[in-house]
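Below is one structure, written out as structure tokens; comments come after it.
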Amino acid sequence: MGAQDQHDAAFKGIMEYILSQKCVRTITGSEVAKFPLRVDMITERVCPLSSDLGLLAWLINQLPPVIVHEFKGPTEYLQEQHIWRLISYCGLFAMEKKIAFFESGIAAVMIYVVTSHKIQRLIDSLTTEIIPGVTRYSLGPEQDGFQLVFINVNQLELSTDNLPFLIFREQDIERVFEMIQANSDAKRLYGYMLYKIQRKHIQRILRMKGIDVTEVATLKELISDFGIQAVIKEVGLKAVIEEVGVKAVIEEVGVKAVLEEAGIGTTIEMITELIDTGQLDSEQIEDLKELIRKLNKKLGL
């Protein structure tokens, strides 16, 4: 999965996760008409959202019931064609759902992390600021005409109200991490998602602060998303073996890698354990025998 697809998937995932299914129906990757044109997400408000969800709740509560959301992550610059396309998608979806043109039944939200100075100046000149980082363009009277809201992630205030969007912000990443760690609800909602999106940055911060990665995710989640080999590098061989078993680790990285990673002392113990399990196939047993011979030679036995 490319970086752009990864960010899009993360955006859809976090939005679906934090929105109450009772009050908001989410449609990700939705077709906007009877032909294959897809948007990132459409929300349909059924009842008001709790203000605890901050900016996201405010947008969904204040804008028309149906909102077409488009997201441009840190690896994809927002361009003028993306804005036109979002407006077109709204029109097509409204036509499909028989939302009248002069009714305030649908709006669009463009969330972006980076764009050119030219496009940002264009947006600033044609929109009205709601709060820092959020501006609105209205076609006609504000409550009656079509509304297009822009969310510039890099201009949002560093506030828990903005966390669903701030987790995609590469600048100030350490401060965003600290905000999440300091709030139990935020940690539950956004902690692991932040790690998935900004993994390299968060690994560095965790090491610097002496925090174990398992404080932001379970080993099961880490292994599921990043694989056994990557997790061994972060938490060590022993922890991964305890989680999934020796056989699963060997199947993923091979006997040789497991034993080399373990070190001589641990290797001797593991060899005995592996032989006793009877879980290895013939090829793995031969690899093991060859390593035993090399180990004996190295130790002068």
Side-chain angles (χ1 to χ4, degrees), residues 1 3-24 26 28 40-41 43 49-61 67 69-76 109-114 131-134 151-226 230-231 234-235:
M1 183 182 289
Q4 177 182 327
D5 292 336
Q6 184 180 21
H7 288 125
D8 284 352
F11 168 74
K12 296 169 192 173
I14 194 64
M15 292 287 277
E16 285 186 307
Y17 180 63
I18 64 179
L19 290 175
S20 165
Q21 293 302 305
K22 179 181 176 183
C23 287
V24 177
T26 59
T28 59
D40 284 335
M41 190 176 72
T43 58
L49 278 174
S50 167
S51 60
D52 293 344
L53 291 176
L55 174 59
L56 183 59
W58 187 90
L59 284 170
I60 290 176
N61 289 340
I67 304 174
H69 305 255
E70 187 71 7
F71 175 76
K72 298 300 171 191
T75 58
E76 186 180 15
V109 175
M110 175 65 80
I111 303 114
Y112 63 99
V113 181
V114 285
I131 60 170
V134 182
I151 300 178
N152 183 338
V153 173
N154 282 329
Q155 289 183 1
L156 291 173
E157 292 182 339
L158 287 169
S159 160
T160 53
D161 284 348
N162 299 329
L163 277 175
F165 309 106
L166 292 177
I167 60 176
F168 296 95
R169 177 165 159 172
E170 294 188 348
Q171 66 185 47
D172 305 312
I173 190 64
E174 187 168 348
R175 291 181 64 188
V176 173
F177 173 79
E178 288 172 349
M179 285 166 53
I180 290 173
Q181 288 295 104
N183 184 300
S184 59
D185 287 337
K187 188 175 179 180
R188 174 179 56 82
L189 287 171
Y190 311 113
Y192 185 43
M193 192 61 71
L194 177 68
Y195 179 82
K196 288 179 69 173
I197 297 165
Q198 310 281 6
R199 187 178 169 210
K200 289 185 178 179
H201 296 296
I202 300 303
Q203 283 177 337
R204 174 183 56 79
I205 294 169
L206 290 173
R207 292 189 191 106
M208 184 175 64
K209 295 182 178 294
I211 301 173
D212 193 304
V213 69
T214 54
E215 289 191 33
V216 297
T218 64
L219 276 176
K220 184 177 180 180
E221 288 175 317
L222 291 168
I223 291 167
S224 174
D225 282 337
F226 304 111
V231 178
E234 292 189 46
V235 303

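The first residue of the sequence shown is numbered 1, and numbering continues consecutively from there.
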Exercise for review: Kindly write out the residues that satisfy ring pair (Phe, Tyr, Trp, His ring centres under 6.0 Å) with F71, not counting sequence neighbours, or none if the list is empty.
Suggested key: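 F71 satisfies ring pair (Phe, Tyr, Trp, His ring centres under 6.0 Å) with F11, F168 only.
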
**Study point:** Test side chain to side chain contact (heavy atoms under 4.5 Å, CB included) applied to V109 and H69, step by step
**Key:** CA-CA 5 Å; V109 175; H69 305 255; 4.1 Å; yes

Point to revise | Residue pairs fulfilling salt bridge (Lys or Arg N to Asp or Glu O under 4.0 Å) with at least one residue in residues 162-171, sequence neighbours excluded | key: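 Listed by first then second residue: R169-D172.
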
Check your understanding: So, for A186 and L163, which heavy atoms are closest and what is the spacing to 0.1 Å?
Key -> CB-CD1, 3.8 Å

Check your understanding: Any donor-acceptor pair under 3.5 Å linking the side chain of N154 with the backbone of V113?
Key ->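 Looks like yes, one N/O pair under 3.5 Å.
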
Exercise for review: Decide side chain to side chain contact (heavy atoms under 4.5 Å, CB included) for V153 and Y112; before the verdict, give the C-alpha distance in whole Å, the side-chain angles of both, and the deciding distance to 0.1 Å.
Suggested key: CA-CA 6 Å; V153 173; Y112 63 99; over 6 Å; no

Check your understanding: Can you name the salt bridge (charged side-chain N to carboxylate O under 4.0 Å, His left out) partners of E178, sequence neighbours left out?
Key -> K209

Throw together a table of side-chain donor-acceptor distances under 3.5 angstrom for residues 193-205, partners on residues two or more places apart or in other chains.
| residue | atom | partner | partner atom | Å |
| --- | --- | --- | --- | --- |
| Y195 | OH | E234 | OE1 | 2.4 |
| Y195 | OH | E234 | OE2 | 2.9 |
| K196 | NZ | D225 | OD2 | 3.4 |
| Q198 | NE2 | I167 | O | 3.2 |
| R199 | NE | E234 | OE2 | 3.3 |
| R199 | NH2 | E234 | OE2 | 2.8 |
| Q203 | NE2 | E234 | OE1 | 3.4 |
| Q203 | NE2 | E234 | OE2 | 2.7 |

Exercise for review: Apply side chain to side chain contact (heavy atoms under 4.5 Å, CB included) to the pair L53 and W58, showing each step before the final yes or no.
Suggested key: CA-CA 8 Å; L53 291 176; W58 187 90; over 6 Å; no

**Study point:** side chain to side chain donor-acceptor pair (under 3.5 Å): pairs with one or both residues in residues 155-167, sequence neighbours excluded
**Key:** none

Review point. Under a 4.5 Å cut-off applied to non-hydrogen side-chain atoms, are P164 and Y190 in contact?
Key: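 Yes; the side chains approach each other to less than 4.5 Å.
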
Revision key, fill the gap. With sequence neighbours left out, the residues meeting side-chain contact (heavy atoms from CB on, under 4.5 Å) with D185 are N183, R188

